[in-house]
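Keep in mind that what you see is a predicted model, and the values were worked out from it rather than measured.
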Amino acid sequence: MEYGHDTFISPFTWRYGSEKMRSIFSEEHKRKLLRRVWVALARSEMKAGLVSKEQVEELEARKDDIDIDRASEIESEIHHDLMAEIRTYAEQCPKAGGMIHLGATSMDILDNADAIRFKEALALIESKLTELIDLLCEKALEYSQVPTMAFTHIQPAEITTIGYRLAQTVQDLNDDRKDLRHLEQTFRGKGFKGAVGTMASYAELLKGTGITPSELERSAMEELEIVPFTATTQIYTRKQDLRMMENLSNIACSLHKFSQDFRILQSPPIGEFSEPFGKKQVGSSAMPFKRNPINSEKIDSLARIVASFHSAAWENAASTVLERSLDDSANRRIFIPEAFLALDEMLDTEVKIVKAMSIHSAATNRLMDSYGIFSATERLLMEAGRRGADRQEMHEVIREASIASWAMVQEGKANPLKDKLMADDRILRYFDRKEIEELLDASSYIGEAASRTEIVCREAKA
């Protein structure tokens with residue numbers, strides 16, 4: 001089947017996501033994984049004398065000969081996608097066709113194939129997440145001691161450093177990566193347990209062979225390199241999908257936060273960061289001067305989609321009736337691949353941004369000149385208290401001068417706060433003018449920002 005641009009195709013088919021992630025969730029790869037599961041089952045049943053070596057070899061030889069057209073033709077008649085794939089495979093294997101799927105139910109095959117595929121996708125996400133963390137650490141360490149205005153309530157607050165601001169994202173993403181690795185390491189398949197998870201069909205099949213259903217399952221799952229759940233119904237618990245979506249949603253959340261902040265910092269009134277912008281790139285169809293942060297906006301847009309999928313996974317986990325209902329099947333075909341593809345696109349985009357982002361020192365200096373001294377008044381207040389001044393009196397002195405100076409800054413005039421404080425007799429009782437000037441130098445008022453940036457990045461590297 002081929003689809004062109006004369007019909008609906010998903011943006012994830014051609015616009016968002018890498019070729020590698022698309023390949024993992026391709027129909028061809030899925031069907032090859034199904035056949036891999038059938039081969040593993042047949043090989044384990046061969047050990048019990050139920051399938052011959054010749055039959056297993058035939059299955060092995062034809063396992064990559066996917067014929068989606070033939071399977072679709074059969075499915076249109078029988079309305080069962082897995083049975084259509086079984087019959088297609090059987091037609092290709094005249095000796096072994098009758099032994100395919102022996103003892104199994106559909107979800108023995110589908111859930112194990114999904115477990116393999118999801119682990120592949122998680123590994124790809126982890127590799128890209130690690131690349132992004134490493135790049136952010138490089139930037140954070142480079143700018144760990146460069147002071148800049150911090151903002152609370154989207155208002156200028158105290159001084160931070162550019163590197164320390166980036167370190168917040170490194171820390172969040174590193175925590176996300178720890179959770180991701182734990183999910184990868186503990187992700188399980190259904191195993192081979194039959195229609196309601198009791199292994200009854202396998203127990204009947206294996207009578208007199210000397211092999212138990214658990215031994216059969218262990219052998220097949222070791223070949224697939226997937227650990228099975230101890231207990232299942234017809235499916236592995238959909239709580240596992242929920243945990244997976246929580247993890248992907250958490251990564252998306254961290255990327256959304258960083259991208260949203262990036263967009264604010266790119267706004268010309270702040271102007272500290274900017275995305276890479278191509279020589280021929282168009283920012284706006286109406287306003288030729290625009291340099292919109294379209295990549296960060298795309299990340300935030302896709303992040304909302306990933307976050308919304310969490311509710312579908314929750315509903316699936318909570319609403320599986322008794323041993324199984326099929327109302328999770330259609331939505332899982334949509335939201336799980338799309339969540340991975342969206343996050344894949346987000347990570348690739350963020351890597352490109354961080355690699356080529358610009359940090360504008362002129363904008364940082366302008367912000368520091370306009371607002372930094374307000375932050376440094378806290379240091380003056382602390383030192384005045386240490387020298388015996390009445391803390392409440394000094395607070396009021398600084399507050400009055402700050403309010404008056406803020407009004408001047410809002411009018412576009414030079415900030416007069418330093419001159420006001422250096423001329424106030426109530427302050428001069430405790431300091432000389434040079435001391436006041438040194439204390440009001442905001443560039444050194446960064447506390448442990450630099451050292452903590454280094455600690456965060458060292459932890460991430462470890």
Side-chain angles (χ1 to χ4, degrees), residues 1-34 64 66-73 75-76 81 85 110 113-114 116-129 131-132 241 244-245 248-249 251-252 255-256 259 262-263 275-285 290-310 312-313 329-356:
M1 289 177 279
E2 294 183 4
Y3 300 99
H5 292 280
D6 57 346
T7 187
F8 173 78
I9 53 175
S10 169
F12 293 109
T13 302
W14 65 288
R15 190 176 185 92
Y16 303 129
S18 66
E19 289 299 322
K20 191 168 184 179
M21 188 63 83
R22 288 195 197 113
S23 176
I24 289 173
F25 285 100
S26 69
E27 195 63 26
E28 182 175 296
H29 185 58
K30 171 189 173 181
R31 291 169 193 249
K32 286 181 178 179
L33 288 177
L34 295 176
D64 292 330
I66 303 302
D67 189 342
I68 296 177
D69 288 340
R70 177 56 181 150
S72 299
E73 182 184 352
E75 185 182 352
S76 68
D81 58 345
E85 190 60 34
L110 288 166
D114 272 348
I116 297 169
R117 183 161 60 158
F118 297 163
K119 287 194 69 170
E120 291 173 344
L122 290 168
L124 182 55
I125 291 294
E126 185 195 337
S127 69
K128 295 186 177 188
L129 182 57
E131 182 182 8
L132 176 58
D241 290 350
M244 181 169 67
M245 294 310 301
L248 301 185
S249 178
I251 299 171
L255 295 176
H256 187 287
S259 298
F262 199 113
R263 292 160 60 192
E275 290 186 1
F277 196 84
K279 288 183 179 180
K280 295 186 177 182
Q281 184 172 334
V282 175
S284 166
S285 63
K290 294 291 288 297
R291 290 183 56 140
N292 299 335
I294 58 171
N295 290 302
S296 294
E297 289 174 319
K298 177 179 72 174
I299 289 169
D300 283 346
S301 183
L302 291 173
R304 294 172 197 165
I305 290 291
V306 176
S308 73
F309 292 150
H310 178 273
S329 179
N331 65 41
R332 288 177 82 245
R333 294 174 191 260
I334 299 169
F335 80 77
I336 294 178
E338 290 191 353
F340 275 107
L341 283 159
L343 190 53
D344 182 64
E345 176 71 16
M346 291 162 63
L347 288 166
D348 281 349
T349 304
E350 201 72 87
V351 164
K352 291 175 185 176
I353 291 173
V354 175
K355 276 183 177 178

Looking at [X] and [Y], what are the two nearest heavy atoms and their distance?
X      : Y      : value
Ala342 : Leu302 : O-CD1, 4.1 Å
Ser18  : Leu341 : O-CD2, 4.5 Å
Ile299 : Ser259 : CG2-OG, 3.2 Å
Ala307 : Ser249 : CA-OG, 3.8 Å
Ala339 : Leu248 : CB-CD1, 4.1 Å
Met245 : Ala313 : CG-CB, 3.7 Å

Can you check whether [X] reaches [Y] side chain to side chain, under 4.5 Å on heavy atoms?
X      : Y      : value
His5   : Trp14  : yes
Ser296 : Glu275 : yes
Leu347 : Thr349 : no
Leu255 : Leu132 : yes

Please lay out, stage by stage, how Val306 and His256 fare under the test side-chain contact (heavy atoms from CB on, under 4.5 Å).
-> CA-CA 11 Å; Val306 176; His256 187 287; over 6 Å; no
Between atom [atom1] of [X] and atom [atom2] of [Y], what is the distance when rounded to the nearest 0.5 Å?
X      : Y      : atom1 : atom2 : result
Asp348 : Leu343 : CG    : CG    : 10.0 Å
Arg117 : Lys32  : CZ    : NZ    : 13.5 Å
Glu350 : Asn295 : CD    : CG    : 9.0 Å
Asp344 : Lys20  : CG    : NZ    : 10.0 Å
Ser329 : Asp81  : OG    : CG    : 7.0 Å
Phe309 : Ile336 : CZ    : CD1   : 10.5 Å

Tell me whether [X] contacts the main-chain N or O of [Y] through its side chain, where contact means a donor paired with an acceptor under 3.5 Å.
X      : Y      : result
Ser127 : Leu124 : yes
Thr13  : Ser10  : yes
Ser23  : Glu19  : no
Ser301 : Lys298 : no
Arg22  : Gly17  : yes

Verdict with supporting geometry, Glu120 and Phe25, side-chain contact (heavy atoms from CB on, under 4.5 Å) | CA-CA 10 Å; Glu120 291 173 344; Phe25 285 100; over 6 Å; no
Electrostatic pair Lys128:Glu131 at N-O distance under 4.0 angstrom | no
SB check Asp114 Lys30 (cutoff 4.0 Å) |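 A salt bridge is absent here (no side-chain N lies under 4.0 Å from a carboxylate O).
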Evaluate the criterion side-chain contact (heavy atoms from CB on, under 4.5 Å) for residue pair Phe340 and Ile24; output intermediate values, then yes/no.
-> CA-CA 10 Å; Phe340 275 107; Ile24 289 173; over 6 Å; no
